[in-house]
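Reviewing the structure listed below.
Being a predicted model, the structure only gives us computed values, none of them experimental. Atoms considered below: every heavy atom in the structure, side chains included; atoms not considered: hydrogens, waters and symmetry mates.
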Amino acid sequence: KAWLGGQAWSDLRQYKLNPPMGADIHWSRIPDLPIAGIMLLLEPFIGWINAQKAAIALAPLLPFGLALYAHALTVRRLVDPRAWPLAAAILMSGASLLTMFAPTRIDHHGWQLAFLALTLTGLFDEKRLRGGLTTGCATALSLSVGLEMLPYLALCGGVIGLRWIMDAGQALRLRAYGVALAGGTALGFALFASQANHALRCDALTPIWLSTMVLAGAMLTILSYLPARHWAVRLICAGVAALGLAGFFYAAWPQCLARPEGISDELYRTWFVNITEVRPLYVQSAKTAVTAAALPVAGLVGAVSMLWLDRAKRVLWMQVALLSLVSVLMMFWQMRAAPAAQLLAVPGAVGLAWTLLLPLARARRLAVRMVMPPIIFLLLSGLIGQLVMAVWPAPEVKTNGRAVIRNASARCSTLSALRPIGALPPATIFTFVDLSPRLINVTGHSAISGPYHRNGDAILDVFRVFRGTPA
């Protein structure tokens with residue numbers, strides 16, 4: 001809204017937070033484009049307010065559609081041309097994943113997940129040139145939005161390198177990926193990087209990651225031209241390149257080896273480690289942990305099983321198994337890895353489900369054809385975990401009035417609750433960090449800070465006042 005109101009394309013500061021300096025927002029304009037497009041398209045027909053409502057309802061469905069299409073294409077190539085509806089059904093069974101695409105969820109995560117799904121699609125494209133270009137371009141797009149998917153994207157790049165080491169015929173895929181990675185990230189930085197992201201920051205596509213990705217793409221392109229016929233020679237060359245890239249990053253950007261967010265110790269202790277999605281899987285409630293992990297574990301079991309069941313595509317299933325394993329382990333580091341883990345679990349879950357369902361379609365007994373398919377789907381989609389947790393008795397917790405406070409807090413963000421606040425003359429309102437974005441959006445007021453890590457001083461100001469003396 002600020003951009004459409006005249007704020008510069010490269011200025012992503014939110015001046016209604018911490019006025020007059022504003023709050024620095026670290027992602028790019030890419031997620032803004034579909035929202036603005038829908039608003040401008042519908043405003044002449046339904047008015048400005050309704051156009052905003054339509055935009056926040058429809059915009060998250062665009063990356064969701066891209067993720068559905070990408071996974072349908074992946075399983076058509078990897079499993080069976082007829083298996084794509086099963087991929088859509090299992091994708092829609094991931095509870096954590098679906099929240100990233102829910103109407104009103106208009107932040108950057110949905111697009112990053114969609115581009116990750118598209119990255120995966122390129123890995124299994126038999127046409128090496130198109131596959132390399134798809135993976136490289138999708139990686140560049142995801143990085144241009146934000147860095148949350150970086151571990152999985154880097155692993156996809158490593159997989160392409162491993163395939164070249166095993167088979168020199170994959171040189172064209174490696175070359176296309178390298179060129180697309182270097183050129184795509186450079187173009188993404190030129191078009192979408194904010195003024196703040198021209199600084200040497202570790203949490204976005206800044207000159208730090210731009211130089212790293214351009215160098216990585218250049219190295220991969222050079223490797224693809226080496227006339228190395230033996231796999232051991234290719235392995236040594238790739239190892240030297242990897243060490244050179246790691247050495248460059250260590251020497252040039254040592255500050256990024258610590259917390260990439262660049263937050264202070266006080267902010268880390270006071271705020272960051274208490275964010276639910278930042279905490280690891282094993283400290284979450286049983287309901288949250290099982291609901292999040294059921295599909296990723298099923299996908300990992302499916303991918304490992306397909307290594308034996310589909311030996312003709314063993315190399316491809318090794319890639320799926322590796323991505324699934326890493327994504328499951330990432331949840332034990334931070335819970336916010338759950339949506340990506342559920343996304344990456346789909347091919348493995350579909351592969352095993354399809355392999356088990358095909359013989360059942362030819363079973364003589366009607367009871368077998370009716371009973372077994374739903375059971376297989378419930379197990380491999382992870383829905384069994386959600387169903388069990390839905391009826392699992394919750395532990396008794398003495399609230400001491402906390403339930404009342406929690407319900408009152410939930411009402412604070414409603415339009416009816418904010419209407420009296422909005423009727424006041426415009427001012428800077430001191431309120432909770434998580435309520436501030438809602439407040440500045442639906443009223444004419446400003447606030448101190450929202451939950452964005454680059455604004456650590458303002459976040460700490462809010463915490464210090466709430467924890468301090470009345471004076």
Ignoring hydrogens, what is the shortest heavy-atom contact between [X] and [Y]? Give both atom names and the distance.
{"X": "Pro296", "Y": "Ala292", "result": "CD-O, 3.1 Å"}
{"X": "Tyr152", "Y": "Ala337", "result": "OH-CB, 3.4 Å"}
{"X": "Ala241", "Y": "Met219", "result": "O-SD, 3.4 Å"}
{"X": "Arg279", "Y": "Val273", "result": "CG-O, 3.4 Å"}
{"X": "Leu205", "Y": "Leu210", "result": "CD1-N, 3.9 Å"}
{"X": "Phe377", "Y": "Ser381", "result": "O-OG, 2.6 Å"}

Between [Y] and [X], do the side chains contain a donor N or O and an acceptor N or O under 3.5 Å apart?
{"X": "Ser285", "Y": "Thr288", "value": "yes"}
{"X": "Lys287", "Y": "Gln386", "value": "no"}
{"X": "His26", "Y": "Asn197", "value": "no"}
{"X": "Trp3", "Y": "Asp32", "value": "no"}
{"X": "Ser10", "Y": "Gln195", "value": "yes"}
{"X": "Thr74", "Y": "Thr121", "value": "yes"}

Take atom [atom1] in [X]; do more than 12 heavy atoms of anything else shown fall under 6.0 Å from it?
{"X": "Trp231", "atom1": "CH2", "answer": "no"}
{"X": "Trp271", "atom1": "CH2", "answer": "yes"}
{"X": "Phe248", "atom1": "CZ", "answer": "yes"}
{"X": "Met318", "atom1": "CE", "answer": "no"}

Between the side chain of [X] and the main-chain N/O of [Y], is any donor-acceptor distance below 3.5 Å?
{"X": "Gln342", "Y": "Leu97", "result": "yes"}
{"X": "Gln319", "Y": "Phe124", "result": "no"}
{"X": "Asn455", "Y": "Asp24", "result": "yes"}
{"X": "Gln7", "Y": "Arg13", "result": "yes"}
{"X": "Arg77", "Y": "Gly122", "result": "no"}
{"X": "Arg128", "Y": "Gly169", "result": "yes"}
{"X": "Ser324", "Y": "Val320", "result": "yes"}
{"X": "Thr206", "Y": "Arg201", "result": "yes"}
{"X": "Arg175", "Y": "Leu220", "result": "no"}

Steps toward side chain to side chain contact (heavy atoms under 4.5 Å, CB included) verdict (Met100, Gln112): CA-CA 10 Å; Met100 300 294 111; Gln112 288 177 295; over 6 Å; no
Validation row, ring centre Trp209 to ring centre Phe249 under 6.0 Å: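 Trp209 vs Phe249: aromatic centres under 6.0 Å.
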Centroid separation Phe101 to His109 less than 6.0 Å: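 No, too far apart.
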In the structure I gave you, are the side-chain heavy atoms of [X] and [Y] within less than 4.5 Å of one another anywhere?
{"X": "Ile208", "Y": "Cys202", "answer": "yes"}
{"X": "Pro280", "Y": "Met335", "answer": "no"}
{"X": "Gln14", "Y": "Ile440", "answer": "yes"}
{"X": "Asn50", "Y": "Leu42", "answer": "no"}
{"X": "Arg173", "Y": "Arg163", "answer": "yes"}
{"X": "Met372", "Y": "Leu357", "answer": "no"}
{"X": "Gln334", "Y": "Glu277", "answer": "no"}
{"X": "Leu120", "Y": "His71", "answer": "yes"}

Looking at [atom1] of [X] and [atom2] of [Y], how far apart are the two atoms once the value is rounded to the nearest 0.5 Å?
{"X": "Leu133", "Y": "Asp125", "atom1": "CG", "atom2": "CG", "value": "10.0 Å"}
{"X": "Leu66", "Y": "Trp111", "atom1": "CG", "atom2": "CH2", "value": "6.0 Å"}
{"X": "Leu344", "Y": "Ser327", "atom1": "CG", "atom2": "OG", "value": "5.0 Å"}
{"X": "Ser96", "Y": "Met331", "atom1": "OG", "atom2": "CE", "value": "8.5 Å"}
{"X": "Met306", "Y": "Leu78", "atom1": "CE", "atom2": "CG", "value": "7.5 Å"}
{"X": "Met149", "Y": "Phe115", "atom1": "CE", "atom2": "CZ", "value": "12.0 Å"}

Side chain to side chain contact (heavy atoms under 4.5 Å, CB included) between Leu141 and Thr119, worked out: CA-CA 10 Å; Leu141 281 167; Thr119 301; over 6 Å; no
Leu257 vs Tyr250, side chain to side chain contact (heavy atoms under 4.5 Å, CB included): CA-CA, chis, key distance, verdict: CA-CA 8 Å; Leu257 300 176; Tyr250 178 81; 3.2 Å; yes
Worked verdict on Tyr452 versus Leu17 for side chain to side chain contact (heavy atoms under 4.5 Å, CB included): CA-CA 11 Å; Tyr452 311 111; Leu17 289 175; 4.0 Å; yes
Phe192 and Trp9 aromatic ring geometry - parallel, tilted or perpendicular at 30°/60° bounds: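 Trp9 vs Phe192 ring planes: tilted.
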Among Leu181, Thr139, Leu147, the one residue meeting side-chain contact (heavy atoms from CB on, under 4.5 Å) with Leu153: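 That would be Thr139; it is the only one of Leu181, Thr139, Leu147 passing the side-chain contact (heavy atoms from CB on, under 4.5 Å) with Leu153.
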Arg82 bridged to Asp80 by N-O distance under 4.0 Å: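 The answer is yes: the pair qualifies as a salt bridge.
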